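Model, not experiment: these values are computed from the prediction. Quick note on labels: first sequence line is chain A, next is B, and so on, each numbered from 1.
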Protein chains: 2
Amino acid sequence: MSQTSHKILNTLRQMIVSGELPPGMKLAEIPTAEMLGVSRTPIRSALATLAQEGLLERIHQRGFHVRHISKEELVGAVEVRSVLEGLAARQAVESGLSAAVLDQLQACLDQGDQLFVKGHITEEDIAHYHDINKRFHATIIAASGNPAIEPALARNEHLPFASPNAIRFDRHALDREYQRFAYAHQQHHTVVDAMRRGQGARAEALMREHAHVTIRYVDVDDLTHLPDTVN
Amino acid sequence: MSQTSHKILNTLRQMIVSGELPPGMKLAEIPTAEMLGVSRTPIRSALATLAQEGLLERIHQRGFHVRHISKEELVGAVEVRSVLEGLAARQAVESGLSAAVLDQLQACLDQGDQLFVKGHITEEDIAHYHDINKRFHATIIAASGNPAIEPALARNEHLPFASPNAIRFDRHALDREYQRFAYAHQQHHTVVDAMRRGQGARAEALMREHAHVTIRYVDVDDLTHLPDTVN
DNA sequence: ATGTTCATTATTGTACACAATTTAGGTCTG
DNA sequence: CAGACCTAAATTGTGTACAATAATGAACAT
């Protein structure tokens, strides 16, 4: 895939998740190609990829529709992430944690502590925490030694809110968001504690519960509007 | 996707899983197109799909390699299936089982009982059980009401042995295989029992354990040769 | 002799023309 | 008036020429 092809894929993906191309809208090759000023070829490949990611739905011999992401789907995706990240935590413990992995996890904990010690957060802090959070989860998945977990999570990565890479937050209620992120960070502490003690089942259970934080404080009905997210 | 395009995708997929195209082999568009007597266009789309399925690996600007499926990957895929099917069983219980679903599951149990009551199995029986098994698992996943489970399992479906749709069996040791399938069928009974009683956590645990039957009796090192499978 | 640069070659990426297929609409017939 | 069939239009699927890009090897300079 070339530079321009990549750009077109990202452009279309952004247009879909931002709602510029609303759910149900038909996407045919020729109009889309004309809209973006390229030929049908890169459009074909982009549409196929987006269908694979679950953002588009193929209509038999008739192009694609922008898929309507239902509430059930988002809630279900959080459940899927929950059990898969739980599995990762347990397998990471069972396969024996290296000092390097523990160091990386501890670094995430320390950096988060520094962020929350001052008792409130700014937008900038949230971006920083987003980073720490991403590293924390990626480290555990990598440490699991199970190469099948990441691909199984791949589809979720493209659904907003179903991925830890897309923490939703409300810019206008930073107090409440402080509570939520601080709580999530405390859960990180408990997960690492369980992992250090070799408590695989406990680590799994804690990680499962942790996944629900993404969505717990959110009115799920609002999610269909796809409001501001980090990343 | 048209008829011929579909056929080419399936042909290439079959050639890969059968080992006709061995792991590590380079697949360029032009030679592949000439080999199958079509133009590069349907080949491009097929290769992209197969890469998405995990059978091919994209080399930057240089075509694809047939991926080497490692032992870790197969074992990991079974673990992933384990937790996801466990989740499905639990959510099916939690969301309330309809009479129709229970009837379908009971039908799978009854049909399996009939198969095993005579104390031995034939190759034909295995094909039949394969069918029953597929229905059993699909029913529970559908009954979970979680639309995110199926796509998360999708990648596994294309890895031989990681899917219940690809039960491995040894044609020359039907006695041992009888034991294995009869045991798996008994597990189906216990899962349904837990589900009927509304025991979500038990159903989850039993279903998790059940997933391991696929691989438990198998010398994992043999898997790299991709021997006979049903489907 | 070795390292760097340039040209050649192999291969993917893009554009576009043409073929095939499906849907829709209109007309003809019972 | 209704239903079926046929024709036309729209849209995807395929083939192929051409452009862009990256790897390889050769030649030159240090």
Nucleotide of C:dA10, C:dA15, C:dG13 approaching A:Pro42 most closely (side-chain heavy atoms):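 The answer is C:dA15, which lies nearest to the side chain.
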
Nucleotide nearest A:Arg62 when distance is taken to its side chain, options C:dT12, C:dT22, D:dG15: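 Selected nucleotide: C:dT22.
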
N/O donor-acceptor pair, side chain B:Thr41 with base D:dG15, under 3.5 angstrom: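 Yes, the side chain and the base share a sub-3.5 Å donor-acceptor pair.
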
SB check A:Glu29 A:Arg40 (cutoff 4.0 Å):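 Yes, this pair counts.
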
Nearest whole angstrom, please: distance from the [atom2] of [N] to the [atom1] of [X].
X: B:Ile30; N: C:dT9; atom1: CD1; atom2: P; result: 15 Å
X: B:Ile43; N: D:dG15; atom1: CD1; atom2: C1'; result: 12 Å
X: B:Phe64; N: C:dT12; atom1: CZ; atom2: P; result: 8 Å
X: B:Arg58; N: C:dG13; atom1: CZ; atom2: P; result: 6 Å
X: A:Arg40; N: C:dC18; atom1: CZ; atom2: C1'; result: 11 Å
X: A:Glu29; N: C:dA15; atom1: CD; atom2: P; result: 13 Å
X: A:Leu36; N: C:dA15; atom1: CG; atom2: P; result: 11 Å
X: B:His60; N: D:dA23; atom1: NE2; atom2: C1'; result: 11 Å

Side-chain N or O of B:Thr4 closer than 4.0 Å to phosphate OP1/OP2 of D:dG13: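 For B:Thr4, the contact criterion (side-chain N or O under 4.0 Å from OP1 or OP2 of D:dG13) is not met.
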
Phosphate OP1/OP2 of D:dT12 contacted by A:Arg44 side-chain N/O (<4.0 Å):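 No.
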
Parallel, tilted or perpendicular: ring planes of B:His188 versus B:Tyr129, cut at 30 and 60 degrees: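 B:His188 vs B:Tyr129 ring planes: parallel.
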
Aromatic ring pairing B:His210/B:His137, orientation class (parallel under 30°, perpendicular over 60°, tilted between):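 Plane angle under 30°, so parallel.
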
Earlier contact from the 5' end, DNA chain D, for A:Gly63 and B:Ser39: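 In this pair, the answer is A:Gly63.
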
More than 12 heavy atoms of other groups within 6.0 Å of B:Gln104 CD: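 Yes, CD of B:Gln104 has more than 12 neighbouring heavy atoms, counting only those of other groups under 6.0 Å.
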
More than 12 heavy atoms of other groups within 6.0 Å of A:Gln111 CD: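 Check passes, neighbour count above 12.
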
